[in-house]
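Here the structure is laid out as structure tokens; the discussion comes afterwards.
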Amino acid sequence: MAARFLEVDDFDLVVFGASGDLAHRKLIPALYHRDCDGQLPENARIVCSARRDYSHDDYREWASLALKEHVRDIDEAHLNRFLGRIYYVKIDIGSGEGFDDLKKILNERADVIRAFYLAVGPDLFGTICEKIGRAGLVTDQTRVVIEKPIGKDGASAKILNDTVGAVFDEHQIFRIDHYLGKETVQNLMALRFANALFEPLWNAAHIDHVQITVAESLGVGGRAGYYDTAGALRDMVQNHILQLLCLVAMEPPESMDADSVRDEKLKVLKALAPISEQNMEKVTVRGQYRAGASAGGAVPGYLEELGDQTSTTETFVALKAEIANWRWAGVPFYLRTGKRLAQRVSEIVVQFRPIPHSIFDEEAGTISANRLIIRLQPDEGVQMKVMIKDPGPGGMRLRQVPLDMSFAEAFKVRNPDAYERLIMDVIRGNQTLFMRRDEVDAAWTWVDPILEAWANSKDKPRGYTAGTWGPSASIALVERDGRTWAEDGL
Ligand code: BG6
């Protein structure tokens, strides 16, 4: 089946931090792919800015190298057309030098859509927005894109949102959570709301529990400086994992309209049962990787990578979350994420309850409860574990098999990176897959007390060997409830 795309109107996209890692690995490749597919209007421009003293051609060379590193099968004709869209403006954010040049370029086409992508650290968001405002660059058709982390806690998120909000209206602010742009994450909505099969069972009467695992095999590497100020709870749970939880748990929205979807996600976040100092021990586990082996080679521990033996930043977290509402009362959501785990895998596992009564005799074997596995990466797909009769003679023997749907096999199309879709949504002005301010606030309201309880605790994160599934306490967290982490889909 051929991929289709929706056209977008003419635009100028300004990238701040254009010589950084995000632009290199994600933004430039994403825009190139959209251009190759013919989605970018003929005159669309990408205006890149950073502090380096580059000419337009120097930056085009930099972008071309980025593409050669991150994109397979570059087509020279496409490449040249794409590079022709790129302009470079040297900007010093601190002094504001360069904003006049930017203004000159943008004012050549003041009537087209204008998007500012702040691919910089959050400490610069405020200054950049203020300078954009002061330079008079905000038109009716302007949007701004900001990346996480949106704050370190609820209070700093408020300040950050206020600063950005002083220049841009909420409908112009696109807070990216790239997990929402992943193909399978959107498929979760298709699965739930475009099929009659699941929704009647999607509640505490039929679902025993849900597991969300986002495991990475890599360590923090060159990002140790940033990571040490964040940790797994802020870096992954406050945003990506809670967003996944929302999509699993939300009520059917009225439509795919941005506010309908975000209203429902917000209700889930508000219904999360608070974790306090009293129950913190029982429902949270934090870990930090020690030296070990990954991909067959020896790897250093987090503290060695960081070069600071005193850090208590967690590189692993497991939590038992509960949603206090009618649909989910009593259904635990087990969440875990970590660096340097045994495998890179992200999955949502929905474990159904056992059948109420078996009509089969003992020889039939154990009847395992149904399990739905939504695999985000790698090998995106959906698997439903069902019981069948073992084929052939020998009586009624039952076994569990996967009804397997691998997207790569089923659809022979390239799986677009999340950023491709999200950038096009920004241009289109569609905020469905972006976080609204109140969602960010509600997520911090749940996360803040955990951070506080950890900060007040004498305990340090538990060590785990790189290349394993994290501290054994995370296994105990689930086993205490008579359950196990699902390893069969992994
Ligand atoms: C980022 C985190 O938001 O997501 C990183 O800051 C993490 O620490 C990354 O590695 C994971 O994204 P993906 O798309 O590779 O699963």
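We count ligands from 1, going down the list as the structure has it; atoms in each ligand are counted the same way. Small disclaimer: the values here were computed from a predicted structure and weren't measured.
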I'd like to check [X] versus [Y] (side-chain heavy atoms, cut-off strictly below 4.5 Å). Are they in contact?
| X | Y | value |
| --- | --- | --- |
| P29 | Y419 | no |
| L244 | F333 | no |
| Y32 | I74 | yes |
| D177 | H240 | yes |

> Do other residues, nucleotides or ligands put more than 12 heavy atoms under 6.0 Å from E7 CD?
Replying inline: no
>> A quick test of your reading: do over 12 heavy atoms of other residues, nucleotides or ligands sit less than 6.0 Å from CZ of R51?
In response: no
> Hey, looking at atom 4 (O) of ligand 1, which of H178, K26, E147 has the closest heavy atom?
Replying inline: H178
> Given T337, V345, D235, which has its nearest heavy atom closest to atom 8 (O) of ligand 1?
Replying inline: D235
What's the shortest distance from [atom] to any protein heavy atom, and which residue and atom give it?
| atom | value |
| --- | --- |
| atom 14 (O) of ligand 1 | K182 NZ, 2.6 Å |
| atom 11 (C) of ligand 1 | E216 OE1, 3.8 Å |
| atom 16 (O) of ligand 1 | Y179 OH, 2.5 Å |
| atom 15 (O) of ligand 1 | R344 NH2, 4.0 Å |

Ligand-residue contact atoms, ligand 1 with [X], heavy atoms, under 4.0 Å:
| X | result |
| --- | --- |
| K148 | 1 (C), 2 (C), 3 (O), 6 (O) |
| K339 | 5 (C), 7 (C), 8 (O), 10 (O) |
| R223 | 2 (C), 5 (C), 6 (O), 8 (O) |
| Q377 | 13 (P), 16 (O) |

> Given L118, which of V164, V145, I176, V144 fulfils the side-chain contact (heavy atoms from CB on, under 4.5 Å) condition?
Replying inline: V144
